[in-house]
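Below is one structure, written out as structure tokens; the observations come after it.
Here is how names work: the chains are called A, B, and so on, in the same order as the sequence lines, proteins then strands, and each is numbered from 1. Both backbone and side-chain heavy atoms feed into the values below; hydrogens, waters and symmetry mates do not.
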Amino acid sequence: MIDIRLLRNQPDLVRTAMARRGSPELVAQLDETLALDERAREIVARRDAIRAQVNDLSKQVGALRKAGDTEQAEAIQAQSRALGDEERTLAAEYDDVQAKVRDLLLRIPNLPHPDAPDGASDHDNPIVKGPFGLLDEYPEHQRVPHWETAAALGILDNERATKISGAMFTMQRGQGATLARALCQYALDMNADAFEEIRPPSLVTTATLTATGQLPKFADDAYAIERDDLWAIPTAEVPLTSLYGGEVLDETQLPVRMMAYTPCYRREAGSAGRDTRGMLRAHEFDKVEILAVTTPAQGADMLVELRDRAERLISGLGLPYRIIEICTGDMGQSHHRSFDIEVYAPGCDNWLEVSSVSWFLDYQSRRADIRFRTAGEKGTQIANTLNGSALAVPRVWAAIVENYRQPDGSVTIPEILRPYMRGATQIPAG
RNA sequence: GGAAGGGUGCCGGAGUGGACGAACGGGACAGUCUCGAAAACUGUUGAGGUCUUCUGGGCCUCCGUGGGUUCGAAUCCCACCCCUUCCGCCA
């Protein structure tokens, strides 16, 4: 969430930022938040003044009782007791208003970076790099959707996945399953030079899912296990961000670089019926995520580093790709600045979003309460977080099947993946 | 799932109703001593909120979490969470 003090002190700056996101309804929300915040502070001032009196009177009672002046002590007790009722009323009122402020604040999106391109929707996202490796013309044998190729090769069995788990679940088989796992191992190995590998839990608490911004606003997108108050993670970003939640790190520890392979679970509530074929959209998929916790000063460079690392994985696979920057109108709620890598899939004739790299500023850290301390300085500062998909398996898998399809219907394995495929050079046609 | 014990500051650990934001020890930092260091001695050393006549000060909150009792709670009561050990179950 954004800093309430920023909203208090520079409301126009925040209003302008929200206007850039193209959400005029947010401005009213800002005003409501400000008004409630002012009320909350007024109430808490009165509450604290009464508490101060009660504390003072209580000390007097203690002293009087010690001195044996029971009568006077009881008189003061009665006085203090009367204050107690007022205190309770104010405290309840404050808690109520404060909860409202927090709830509003949790729903206010992050401030876009000054350099983030303005725009209304994904149509306005500029291409900032590439395209690379794109052919002028694609031969017929590459113009086959991956689900057709995969069916012919027996490496994808979504019918049976649906039988087992319902619509929008996928299942890879044989070399197809190996390829999915190879991609994960490849992504982890390529970042092991600087990133600590984590194997986090895939089920997290409500507090954890709130820290990264999925809750309270996007509860419908996540799988809930209500009986145990747990949620299935939509991305490793969720557990990794909260890994240092509630902790105060030493500045010398920063930046912290972490990576994790996890399954990812998404209800896709808003996109039922879209991309139902093949591997483009599913309720469960594999992804390797890279994530960093930094000081505010380190954020900009880390964004570039993460983006470069994600790009290196895709270019290493020899897939045609481009990098786009997300405009203010298309930005996710928690994002400050964001880039996507898109891979061209000739069979679907589509640019597939395979990676998203984002800087969150202190938006998530404030929710998760990740702070750091600088030696010799008093107090703490709120950290920055950034993350990126190193490699999201299904769409890269699909792009490989389509780009590497041969005239005989087989699929050549990208050279860099062969060590992870037990040396296989191709997925042979039946 | 059952039983027992426990959760206090950077760490260890005391504290079972009144001057406790918390003894004591350790650590860290600063100073004294020293050519320098060690040792010793002295001092300092949590976070958050809010107000302010602001390079300072006032007030409030925080002893796992949330409630309750009380004039007053780290301390008493209730619920929950987590940790340790034992039993059960289990990959």
Taking any heavy-atom pair under 4.0 Å as a contact, classify A/Ala73: base, sugar-phosphate, or nothing.
nothing
**OP:** Output yes when at least one side-chain N/O atom of A/Arg88 is less than 4.0 Å from OP1 or OP2 of B/G68, else no.
**Re:** no
Whole-Å distance, A/Gln77 CD to B/G17 C1', equals 13 Å
- prompt: So, A/Trp397 side chain and A/Gly176 main chain: donor-acceptor pair closer than 3.5 Å or not?
  reply: yes
field: Nearest-angstrom distance, C1' atom, B/U65 to B/C81
entry: 7 Å
Counting primed atoms, P, OP1 and OP2 as sugar-phosphate and everything else as base, the B/S/- map of nucleotides 56-62 of chain B against protein heavy atoms under 4.0 Å is ---SSS-
Quick one: do A/Glu87 and A/Arg51 make a salt bridge, cutoff under 4.0 Å? yes
Taken to the nearest whole Å, CD/A/Glu74 to C1'/B/U70 is 14 Å
**Asked** When rounded to the nearest Å, what value does the distance between C1' atoms of B/A22 and B/C62 take?
**Response** 12 Å
message: I'd like the C1' distance from B/G21 over to B/C60, given in whole Å.
response: 13 Å
note: A/Glu87, atom CD; B/C71, atom P; distance rounded to Å ~ 13 Å
Remember a base hit wins even if backbone is also touched, and classify A/Val61 as base, sugar-phosphate or nothing at under 4.0 Å, heavy atoms.
base
Using atom P of each nucleotide, how far apart are B/U84 and B/C29 to the nearest Å? 33 Å
Worksheet entry | Phosphate OP1/OP2 of B/G48 contacted by A/Arg371 side-chain N/O (<4.0 Å) | yes
Dot-bracket assigned to RNA chain B with the 3.5 Å Watson-Crick/G-U criterion, [ ] for crossing and | for other-strand pairs, is ((((((((.[[[..)..(.....]]]((((((.......))))))(((((((...))))))).[[[[[..)....]]]]])))))))....
**Message:** Do A/Asp85 and A/Arg88 have side chains that approach each other closer than 4.5 Å (heavy atoms only, starting at C-beta)?
**Reply:** yes
From NZ of A/Lys66 across to P of B/G18 the rounded distance in Å is 8 Å
Checklist entry - Is the closest basic N to carboxylate O distance between A/Arg8 and A/Glu38 below 4.0 Å? => result no
Problem set entry | Residue pair A/Ile400 / A/Leu183, side-chain heavy-atom distance below 4.5 Å | yes
Judged by nearest nucleotide, the residue sitting upstream toward the 5' end of RNA chain B, A/Ile76 or A/Gly379, is A/Gly379
*Pick base, sugar-phosphate or nothing for A/Arg5, based on heavy-atom distances below 4.0 Å to the nucleic acid.*
sugar-phosphate
Strictly below 4.0 Å, N to O, side chains only: are A/Asp118 and A/Arg20 in salt-bridge contact? yes
- Between the main-chain N or O of A/Ala399 and the side-chain N or O of A/Asn403, is there a donor-acceptor pair closer than 3.5 Å? yes
From CG of A/Asp37 across to P of B/C51 the rounded distance in Å is 9 Å
Subject >> Inter-nucleotide C1' distance (B/G6, B/C90), Å rounded >> reply: 26 Å
Return the orientation label for the A/Phe169 and A/His283 ring planes: parallel under 30°, perpendicular over 60°, tilted otherwise. tilted
How far, in whole Å, is B/A23 from B/G13 if one measures between their C1' atoms? 10 Å
For the C1' atoms, the ones on B/C20 and on B/U34, what distance do you get once it is rounded to whole angstrom?
41 Å
### Message
Does any part of the side chain of A/Trp359, heavy atoms only, come nearer than 4.5 Å to the side chain of A/His113, both counted from C-beta?
### Response
yes
From CD of A/Gln381 across to P of B/G48 the rounded distance in Å is 11 Å
A/Gln98 CD to B/G49 P, in whole Å, measures 11 Å
(Q) Any side-chain N or O of A/Arg41 below 4.0 angstrom from OP1/OP2 of B/U50? (A) no
Next item on the list: Please state the P separation for the pair B/C80 and B/C89 - nearest whole angstrom.
Entry: 25 Å
In whole angstroms, the gap separating P of B/C71 from CD of A/Glu71 amounts to 18 Å
RNA chain B nearest-nucleotide lookup for A/Arg373 and A/Arg65: closer to the 5′ end is A/Arg65
Q. Does A/Asp250 use its side chain to pair, donor to acceptor, with the backbone of A/Thr252 at less than 3.5 Å?
A. yes
Using a cut-off of less than 4.0 Å, is there contact between a side-chain N or O of A/Ser58 and OP1 or OP2 of B/U70?
no
Counting C-beta onward and ignoring hydrogens, is there a side-chain heavy-atom pair between A/Tyr265 and A/Pro234 closer than 4.5 Å? no
